[in-house]
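Report on one structure; see the data block that follows.
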Amino acid sequence: MDGKLVLVDGHSILNRAFFGIPDLTNSEGLHTNAVYGFLNILFKILDEEQPDYLTVAFDVHAPTFRHKMYDAYKGTRKPMADELRQQVPLMKEMLTAMGVTIVEKEGYEADDLLGTIAKQSEEQGLEVSIVSGDRDLLQLASDHIKIRIPKTKRTGTEIEDYLAKDVVEKYQVTPLQFIDVKALMGDSADNIPGVPGIGEKTATALITAYGSIENAHDHLEEIKPNRAKQNLSEHYDMAQMSKELATIEIHAPIEYSLEDAKLGNLFTEEAYLMCKRLEFKNMLSRFDIDAPKNLAEEHFTFVTDKKQISDIFKKAKKAGHIGCCLLPGEGIITEQLSLFEQPKEQQVIEGMSIAFSEEDIYYLSAGTEVSAEELLEEIRELSGGQTKVSVMDLKETLKTLPLPGNDRYFDASVAAYLLNPLKNDYPYEDLAKDYAGLMIPSRTDLLGKESPVKAKQAKPEAFLKYICYMAYIPWKTRDRLLEELNNTGMQTLYDTIELPLVYTLSDMEKEGVHVDAEELKRYGEELAAQIAVLEKEIYEGAGETFNINSPKQLGHILFEKLEMPYGKKTKTGYSTAADVLEKLAVEYPLVSKILEYRQLAKLKSTYADGLANFIEEDGRIHTNFQQTVTATGRLSSTDPNLQNIPIRMELGRMIRKVFLPKDGYVFVDADYSQIELRILAHMSGDEMLIQAYREAQDIHRMTASQVFHTPFEEVTDLQRRNAKAVNFGIVYGISSFGLSQDLSISKKEAQEYIERYFESYPKIKEFLDGCVEKAKKDGYSVTMFGRRRPLPEISSSNFMQRSFGERIAMNAPIQGTAADIIKIAMNRVHRRLIDEGLKSRLLLQVHDELLIEAAPDEVDEVKKILDEEMKGAADLSVELEIDTHTGKNWYEAK
DNA sequence: GAGATCACG
DNA sequence: ACGTACGTGATCTCT
């Protein structure tokens, strides 16, 4: 038999790559540098050698025979860096995806497997190359076995090659004698003790002269340097043991089939997906499958013809289910039909894509033969009937095309979010991959950074693909997504909470909230004046000007120039965080000024100036409520974030005075009282806590009374404050360290608080332990309404990650249930405002709070609705309570 | 683009 | 022994 075999020492090359390449991480947080480097080396070798066969060998984690001998001799091995260890399974997964044969065997190191396979294959007449970073393998070199050692240099990867003759040339000994040299000199990295006092030079000299350790020992008397003679004599047993350690096994009992190792196409779809997942962008070019063989793509059609468009809609109506995507034009048309009517704002559309079978996928262009309005009318008519409509982003669709809320619409992103809330986004290509097994180009692949409307002119083919996929994928994946929701018990959550919420949020976003731009400007100017004064004083105190906003420069001034005692350090230098500075502020007035400066600077940049940029022409701010972001089921608010408007400090709180209801209206604001603790009482079934809530007791005071063994009436303010922190801690997934940090007490004290808490509320301990246990078993946690949060961390071997997972397992059901409940309340409040024909509108949600802009004559009804719907959103063993306020601005209403 | 900081629940 | 509270988003600096 002839041919060429490449063998790779898996761990060794992975290790080389890990240390040779700076840390890389993908957006999931996986470390990927070693895998990346490994692949680069592998591809280089394969390009050069064009082998017929390829095999990668790995060590098995269990201690091997050779290690055991060493362990007995001297301690244990250095553990592998965690970032590297994580990449071993990834690497194996990648190789498997590429169809590469992997060999590993319990009790044997990769060396032994490589040696055995290499020698066997050589006998069969193959040319063998062994790729390793480890010079130990040089002992395997022969005329037909080449050892290849890659070196990662700045100029790229260079490879040193050794056939038997090259070993002799470089080391003056044959490959087999290389073992003896190594055994004499020892190698701490490889755990070979060697003979004390014998280094590389002496070892090589001895073996060149005598050929082997044994023969050298037989000729002890002739050995020249006296020291060497003595050392070898005294440590001969050590030398023999070292030799055994250094010798690679070439008769390991493994089953190896050359046929299986035949090198096929590495660039498979699976490997492509993995490279995408690991974000090896420049490696994707090696794949020949950029043009996917997706049959549907051939039916993507650009349509302008009026008759054709009308026929497509007729056909779509019969299909019963369509996917679609509207392409909003840039800008809004304000059309005034007559002098007596209010001008109507209409978002223009350029066109829309529609998909309703594997063959019927079209982009319908508006503007030439068919007007935007006609097109919208068609789709409105279609979706007003019995046709089911699936889209990638329903909230976005509703902005262009208001549609009545009902269950015939399907939001693919929201469904995908429920199935895995940990991802950053839910682009169509991910849904295609996960729920239809399709590999398709992403928006960026097709359009780059260009907007769809611009791309339509610049690269029409790419645009057509993009817009058609945006309709085809939700159509294609709907059934699978619904099936998965059903399988995971989340169908009801989707149908009754999340989908209706899309409409609620859409209306809230469209409504926006009025902000007094001039008042905001004045507020900003006031801040600016105060900032200028502080800035001057700080420069005087520091004796120089510097950038106060730069933690680096600030740290230098405080802790080096002024030699203040530093509390904490961050990765990059001294910490100048508020809690550190607060301790210094007692002694140094300069630090107080810096804290004050920070506060003002934050208010000005993020709130005064920041919010001003978002006031639109209607005088209102339209935040974006994101429904597919948080891991727990909460909403998030962006551009701008209206869920973190200051309230805790008076100066910041003032900014709420610029949030106003529209003329003649008032704000009604309602927030749940301690919703998370009430949920905890319910879910744990703790009688004490339930009873306390039923009697409307002061919970923190009661906790203080329990934890500090103090009669209820005698609880001090401090005790109550501390108990409140304990209650918070319980909800967060308590840890003594976290609590001690928060209360500035010792870890031991914090631990005692926690223990006494759990003694008082045993059911709560039981419940939290149960949460962790169940999450460990299932791999996810669940809320009262069935929302899941996957917890990959909880089974981590890393203590810190595992502990993190455990805290999440305790917190996620509570925080998530609270999120479920307020979402239910929002839908109900929103619905009632509309159904009762009220003018009042829901504007904002801040996790446990709803803000309504109410017509003055509706205030009582609005309060009644809030009361009924918020309290009635869930049926718990304790009542849900709310606090409601009204006011002429947000400051007053809170 | 990451890290530090700080605003909220 | 390990190093921390749970969940977010915006701004600024600096590489």
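Here is how names work: the chains are called A, B, and so on, in the same order as the sequence lines, proteins then strands, and each is numbered from 1. Hydrogens, waters and symmetry mates are skipped; everything else that's a heavy atom, side chains included, is used.
- Residues satisfying the salt bridge (charged side-chain N to carboxylate O under 4.0 Å, His left out) criterion with A:Glu676, sequence neighbours excluded, are A:Arg634.
- Within 3.5 Å, no donor on the side chain of A:Ser605 pairs with an acceptor on the base of C:dT11, nor the reverse.
- Relative to the six-membered ring of A:Tyr566, A:Lys569 meets both conditions, a distance below 6.0 Å and an angle of at most 45° to the axis.
- DNA chain C is contacted by both A:Pro421 and A:Lys552; A:Pro421 maps to the nucleotide lying nearer its 5′ end (nearest heavy atom per residue).
- A heavy-atom distance below 4.0 Å to DNA chain C is reached by none of the residues of residues 520-532 of chain A.
- Closest approach to the A:Thr606 side chain among C:dT11, C:dG7, B:dG9 is made by C:dT11 (side chain taken as heavy atoms from C-beta onward).
- Taking only side-chain atoms of A:Asn811, from C-beta outward, the nucleotide of C:dT13, B:dG9, C:dC6 with the closest atom is C:dC6.
- Every side chain to side chain donor-acceptor pair (under 3.5 Å) that A:Lys395 has, sequence neighbours left out, goes to A:Glu509, A:Asn624.
- Looking at heavy-atom distances under 4.0 Å, A:Ala819 makes no contact with the nucleic acid at all.
- Interface residues of residues 633-643 of chain A facing DNA chain B, ordered by number: A:Arg634, A:Gln643; criterion, heavy-atom separation under 4.0 Å.
- Residues in residues 788-814 of chain A take part in these salt bridge (Lys or Arg N to Asp or Glu O under 4.0 Å) pairs, two or more places apart or across chains: A:Lys776-A:Glu806.
- Residue A:Ile814 is out of contact with every strand shown, counting any heavy-atom pair closer than 4.0 Å.
- The residue A:Ala725 sits close to a base: some heavy atom pair falls under 4.0 Å.
- If you check every strand for non-hydrogen atoms under 4.0 Å, A:Glu849 touches nothing.
- Looking at heavy-atom distances under 4.0 Å, A:Gly729 makes contact with a base.
- The side chain of A:Asn644 lies closest to B:dC8 when the candidates are C:dT4, C:dG7, B:dC8.
- When the nucleotides C:dA10, C:dC6, B:dA7 are ranked by their closest atom to the side chain of A:Gln815, C:dC6 comes out on top.
- Between C:dG7, C:dC2, B:dG9, one nucleotide has an atom nearer to the side chain of A:Phe804 than all others, and that is C:dG7.
- Counting any heavy atom pair closer than 4.0 Å across all strands shown, A:Arg653 reaches no nucleic acid atom.
- When the salt bridge (charged side-chain N to carboxylate O under 4.0 Å, His left out) test is applied to A:Arg756, the partners found at least two apart in sequence or on another chain are A:Glu752.
- Comparing C:dT13, C:dT15, C:dG3 by their closest approach to the side chain of A:Met800 singles out C:dG3.
- The salt bridge (charged side-chain N to carboxylate O under 4.0 Å, His left out) test applied to A:Glu616 returns no partner, not counting sequence neighbours.
- Backbone-only engagement by A:Val846 is indicated by non-hydrogen atom pairs under 4.0 Å involving sugar-phosphate atoms exclusively.
- Under the side chain to side chain donor-acceptor pair (under 3.5 Å) test applied with A:Tyr574, the options A:Lys552, A:Glu560, A:His556, A:Lys568 reduce to a single match, A:Glu560.
- Looking at A:Arg807, its side chain comes within 3.5 Å of the base of C:dT4 through a donor and an acceptor atom.
- Listed by chain and residue number, A:Ser637 satisfy the side chain to side chain donor-acceptor pair (under 3.5 Å) test with A:Thr623 (two or more places apart in sequence, or in another chain).
- Minimum interatomic distance between A:Asn889 and A:Tyr891 (heavy atoms only, all atoms of both residues): OD1-N, 2.9 Å.
- Classified by interplanar angle (parallel below 30°, tilted 30° to 60°, perpendicular above 60°), the ring pair A:Tyr417/A:Tyr426 is perpendicular.
- For DNA chain B, the neighbouring residues in residues 570-583 of chain A, judged by any heavy atom under 4.0 Å, are A:Thr570, A:Lys571, A:Thr572, A:Ser575, A:Thr576, A:Ala577, A:Ala578.
- You'll find the ring centres of A:Phe708 and A:Tyr753 inside the 6.0 Å limit.
- Under the side chain to side chain donor-acceptor pair (under 3.5 Å) criterion, A:Lys763 pairs with A:Glu687, sequence neighbours left out.
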task: Fill in the dot-bracket string of DNA chain C, one character per base: . for unpaired, | for a pair to another strand, ( ) or [ ] for pairs within the strand, taking Watson-Crick or G-U pairs under 3.5 Å.
output: .....|||||||||.

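- For DNA chain C, the residues of residues 736-743 of chain A within the heavy-atom distance limit of 4.0 Å (strictly under) are A:Phe737, A:Gly738, A:Leu739, A:Asp742, sorted by number.
- Within 4.0 Å (heavy atoms only), A:Arg648 reaches at least one base atom of the nucleic acid.
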